Asks: 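One structure is given below, represented as structure tokens, and several questions about it will come after.
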Amino acid sequence: VWDTTSIPDGKYEVMLKATDKMGNPAGEEEEDTEISEPFVIDNTPPVVSDLSFRKINGGAVEITGVAEDSASIISTLEYSVDKLEWFPLFPEDRVFDTQVEKFRFKLEGLEAGRQHLLLIRTRDFVGNTGSSELRISILN
């Protein structure tokens, strides 16, 4: 078991060296070395930035933002309004395939005259979670 939580994010390879020197006479021992395929260590959660809203026709609001991770692909986006009931979101291109995913969606039916709390939650490919909030007030 290797606790990677103290290792900086990045791509790594591991070298394994094996020998039977302790169990064989001098000159008869064998040794072999293998290097792993590259792998990613990612302990940093993704961030949600550029989160904003604008009022559009019919009292609805359009929400835009960006989910970004420094080492892994973004794999999930979700939102919640005023309570912790989560709904899925998709990136603008409809595919989770990069470390930066822009999103845009419409919210309808928000009660005017009060403040609403929008939460955006995102996860990267290895399961790190990040979130952000936006307070939305709709005037009458």
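Given the structure is predicted, the values throughout are model-derived calculations rather than measurements.
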Asks: In Å, rounded to the nearest 0.5 Å, how long is the span from OG1 of Thr98 to CD of Glu68?
Replies: 9.0 Å
Asks: What pairs meet the ring-ring contact (aromatic ring centres under 6.0 Å, His included) rule with one or both residues in residues 12-56, with sequence neighbours excluded?
Replies: none
Asks: Please enumerate all residues that pass side chain to side chain donor-acceptor pair (under 3.5 Å) together with Asp69, with sequence neighbours excluded.
Replies: none
Asks: Got a sec, which residues hit side chain to side chain donor-acceptor pair (under 3.5 Å) with Ser75, two or more places apart in sequence or on another chain?
Replies: none
Asks: Indicate if Leu119 and Leu134 have the same hydrophobic cluster label, given that clusters are the connected sets of ILVMFWY residues with side-chain heavy-atom separations under 4.5 angstrom.
Replies: no
Asks: Kindly determine whether Asp124 and Ile73 satisfy side-chain contact (heavy atoms from CB on, under 4.5 Å), including the steps that lead there.
Replies: CA-CA 6 Å; Asp124 63 20; Ile73 292 172; over 6 Å; no
Asks: Which atom pair, heavy atoms only, marks the closest approach of Ala71 to Ile41?
Replies: CB-O, 4.5 Å
Asks: What pairs of donor and acceptor atoms, side-chain ones from residues 44-52 against any protein atom, are under 3.5 angstrom apart with sequence neighbours left out?
Replies:
{"residue": "Thr44", "atom": "OG1", "partner": "Asp9", "partner atom": "OD2", "Å": "2.5"}
{"residue": "Ser52", "atom": "OG", "partner": "Thr64", "partner atom": "OG1", "Å": "3.1"}

Asks: Just jot down the side chain to side chain contact (heavy atoms under 4.5 Å, CB included) partners of Asp93, sequence neighbours excluded, or say none.
Replies: Pro91, Val95, Asp97, Glu101
Asks: Would Leu110 and Val61 count as a side-chain contact (heavy atoms from CB on, under 4.5 Å) if you check the C-alpha gap in whole Å, the side-chain angles of each, and the deciding distance to 0.1 Å?
Replies: CA-CA 8 Å; Leu110 295 178; Val61 293; 3.8 Å; yes
Asks: Can you list every side-chain hydrogen bond (donor to acceptor under 3.5 Å, both in side chains) pair that touches residues 26-36, not counting sequence neighbours?
Replies: none
Asks: Is any side-chain heavy atom of Val126 closer than 4.5 Å to one of Val40?
Replies: no
Asks: Quick one: salt bridge (Lys or Arg N to Asp or Glu O under 4.0 Å) pairs with a partner in residues 102-123, sequence neighbours left out?
Replies: Glu62-Arg104, Glu78-Arg121, Glu78-Arg123, Asp82-Arg114, Glu92-Arg104, Lys106-Glu108
Asks: Taking ring-ring contact (aromatic ring centres under 6.0 Å, His included) as the cut-off, I'd like each qualifying pair that reaches into residues 97-119, sequence neighbours left out, listed once.
Replies: Tyr79-Phe105
Asks: Please give the remaining members of the hydrophobic cluster of Met22, linking ILVMFWY side chains under 4.5 Å, ordered by chain and number.
Replies: none
Asks: Grouping I, L, V, M, F, W and Y whenever their side-chain heavy atoms are under 4.5 Å apart, do Ile63 and Val66 come out in a common cluster?
Replies: no
Asks: Report, as yes or no, whether the 6.0 Å neighbourhood of atom CZ on Phe96 holds more than 12 heavy atoms from other residues, nucleotides or ligands.
Replies: yes
Asks: Once salt bridge (Lys or Arg N to Asp or Glu O under 4.0 Å) is applied, do any residues pair with Glu85, and if so which ones, sequence neighbours excluded?
Replies: Lys83
Asks: Check step by step if side-chain contact (heavy atoms from CB on, under 4.5 Å) holds for Val100 and Ile74.
Replies: CA-CA 7 Å; Val100 178; Ile74 298 295; over 6 Å; no
Asks: For Ile35, which residues count as a side chain to side chain contact (heavy atoms under 4.5 Å, CB included) partner, sequence neighbours excluded?
Replies: Glu13, Met15
Asks: Is it possible for you to say whether Leu107 and Phe87 belong to one hydrophobic cluster, with membership spreading through side-chain heavy-atom contacts below 4.5 Å?
Replies: yes
Asks: Is it true that Val14 and Ile7 fall in one hydrophobic cluster, defined by side-chain heavy atoms closer than 4.5 Å?
Replies: yes
Asks: Could you tell me whether the side chain of Thr122 reaches within less than 4.5 Å of the side chain of Thr129, counting heavy atoms only?
Replies: no
Asks: In chain order, what residues pass the side chain to side chain contact (heavy atoms under 4.5 Å, CB included) check against Arg135, with sequence neighbours excluded?
Replies: Gln115, Leu117, Glu133
Asks: Scan side-chain atoms only and decide if Asn43 and Thr5 contain a donor-acceptor pair under the 3.5 Å cut-off.
Replies: no
Asks: Hey, could you give me the OG/CD1 distance between Ser132 and Ile120, rounded to the nearest 0.5 Å?
Replies: 8.0 Å
Asks: If two hydrophobic side chains count as joined below 4.5 Å and joins carry through other members, does Leu77 share a cluster with Phe90?
Replies: yes
